[in-house]
Number of protein chains: 2
Amino acid sequence: MPKTQANLKAQLNTEGYKLTPQRKAILDILIKQRCKHLKCDEIYQLVRSKMPSIGIATVYRTLPLLEKMGFLNRILLDDGLVRYEVSTQGENHSHHHMICTGCGELSEIEVDMLDDLEKQIQKTTGFLVQNHSLRFYGLCQKCQGKLNT
Amino acid sequence: MPKTQANLKAQLNTEGYKLTPQRKAILDILIKQRCKHLKCDEIYQLVRSKMPSIGIATVYRTLPLLEKMGFLNRILLDDGLVRYEVSTQGENHSHHHMICTGCGELSEIEVDMLDDLEKQIQKTTGFLVQNHSLRFYGLCQKCQGKLNT
DNA sequence: TTTCTTGCAAAGTCTTTGCAAGGTG
DNA sequence: CACCTTGCAAAGACTTTGCAAGAAA
């Protein structure tokens, strides 16, 4: 089943959870910001602009839930703050993150190419690879430009 | 210059820092636990067994310093806790981490093989890759065994 | 109606900071 | 001696929890 807004209710119900306006609003915001990677507090601020009465505890409780249901991915960068991104349909296996050490910007790239490496690891170490996370640190084009000034 | 205990003083001095028993003790512990990835508090406990009077604030202040000097790498796993590992001489570019989703064990593997991918990224996106971090999630041999029981 | 959720406030964890006393170069 | 560091305690940042009132199925 595709992980879209429309399926939120069904997904929740099959596991005994309920669809609340808060949960809908939070997913809504995240889908609208699709390509962003938002911190909990940023999500809280955004949702609050649509639903001023929501409490931050609800956000903290909803995010892991949406993650468990497969709607979100939790990301931990080097600053130690938890971020979330909307997970593109079942493919948690095919995009990598690039983090600019100049401005901190986080972007994505849609390649994978780790199959060979995974096979090699499995053969060498016996470790059964199920998933991976690959991050590149370096300079985005903007920051490379600034260096030449 | 190799990043060994012996060079700590020199390294520190060239940047205006001083060699204190506390700093020596902390690096000592980390070197002895070489292949482990320790949380701040674990490091504090270990150092305290040798130097009971040390304060945890000192540990929190020393770890980033040792990282800055190139002796340590800071690692952030999915539980959000900061860990440190001794950095093997200047090679921050050639080992990956494997995290078992069964028992949580963190181990290392000494392959790289990302050069092609990095070149491709640079060509495609203009992002200048300086470093990377690759983690594999899956099951270690022990945990695979448990599943068959 | 039953069970799950919410918002609030309090409590927790991990980490950082201010400061006076003490150590290093 | 000048400057860097330490240990302590207090303050911070982020996150989790207990609970009574309220909402969803």
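Only a predicted model underlies this, so the values are computations on that prediction, with no experimental measurement involved. Scope of the values below: all heavy atoms of this structure, side chains included, with no hydrogens, waters or symmetry mates. Proteins get letters first, then strands, A, B, ... in listed order; numbering begins at 1 in each.
For A:His96 and B:His132, the distance between ring centers is not under 6.0 angstrom.
Contact record, A:Arg135 with A:Leu76: NH1-O, 2.5 Å, taken as the closest heavy-atom pair. Across every non-hydrogen atom of B:His97 and B:Glu108, the tightest pair is CD2-CG, 3.6 Å. A:Tyr137 and B:Ser133 get closest at one heavy-atom pair: CE1-CB, 3.9 Å. Nearest heavy-atom pair, A:Ile26 versus A:Leu66, reported as atom, atom and distance to 0.1 Å: CG2-CD1, 4.0 Å.
B:Lys9 comes within 4.0 angstrom of the backbone, heavy atoms only, and of no base. Contacts of A:Ile56 with the nucleic acid, taken as non-hydrogen atoms under 4.0 Å apart, are absent. Residue contacts for A:Leu19: at a heavy-atom cut-off of 4.0 Å it reaches the sugar-phosphate backbone alone, with no base atom in range. Within the 4.0 angstrom heavy-atom criterion, no nucleotide atom of any strand lies near B:Gly80.
Projected onto DNA chain C by closest heavy-atom contact, B:Tyr17 and B:Val82 fall at different nucleotides, the more 5' of which corresponds to B:Val82. Positionally, the nearest nucleotide of DNA chain D for B:Val59 lies more toward the 5' end than for the other of B:Val59 and A:Asn13. DNA chain D is contacted by both B:Thr62 and A:Pro64; B:Thr62 maps to the nucleotide lying nearer its 5′ end (nearest heavy atom per residue).
The side chain of B:Ala57 approaches D:dC8 more closely than any other nucleotide in the set C:dC14, D:dC8, D:dT6. Picking from D:dT15, C:dT5, C:dG23 the nucleotide with the shortest atom distance to the side chain of B:Lys18 gives C:dG23. The side chain of B:Thr20 has D:dT5 as its nearest neighbour among D:dC14, D:dT5, C:dT6. Of the listed nucleotides (C:dT5, D:dT15, C:dG7), C:dG7 has the atom at the smallest distance from the side chain of A:Gln22.
Spacing between atom CG of B:Asp41 and atom P of C:dG12 amounts to 17 Å, rounded to whole angstrom units. Atom CD of B:Gln45 and atom P of C:dC14 are 11 Å apart (whole Å). Rounded to whole angstrom, the span from the CG atom of B:Asp79 across to the P atom of D:dC14 amounts to 18 Å. Taking atom OH on A:Tyr60 and atom C1' on C:dT5, their separation rounds to 19 Å, with Å as the unit. Here D:dC4 presents its P atom at 13 Å from CG of B:Leu65, a figure rounded to the nearest Å. Between B:Leu81 atom CG and D:dC14 atom C1' the separation is 13 Å, expressed in whole Å. Computed from coordinates, the A:Ile26 CD1 to C:dT5 P distance equals 12 Å when rounded to whole Å. Rounded to whole Å, atom P of D:dG22 lies 17 Å from atom CE of A:Met51.
Distances shown here put every side-chain N or O of B:Arg23 at or beyond 4.0 Å from the OP1 or OP2 atom of D:dC4.
Between the side chains of B:Tyr17 and B:Lys68, a donor-acceptor pair is found at a separation under 3.5 Å.
The base of C:dG18 sits within donor-acceptor range of the side chain of B:Arg61, with an N or O pair under 3.5 Å.
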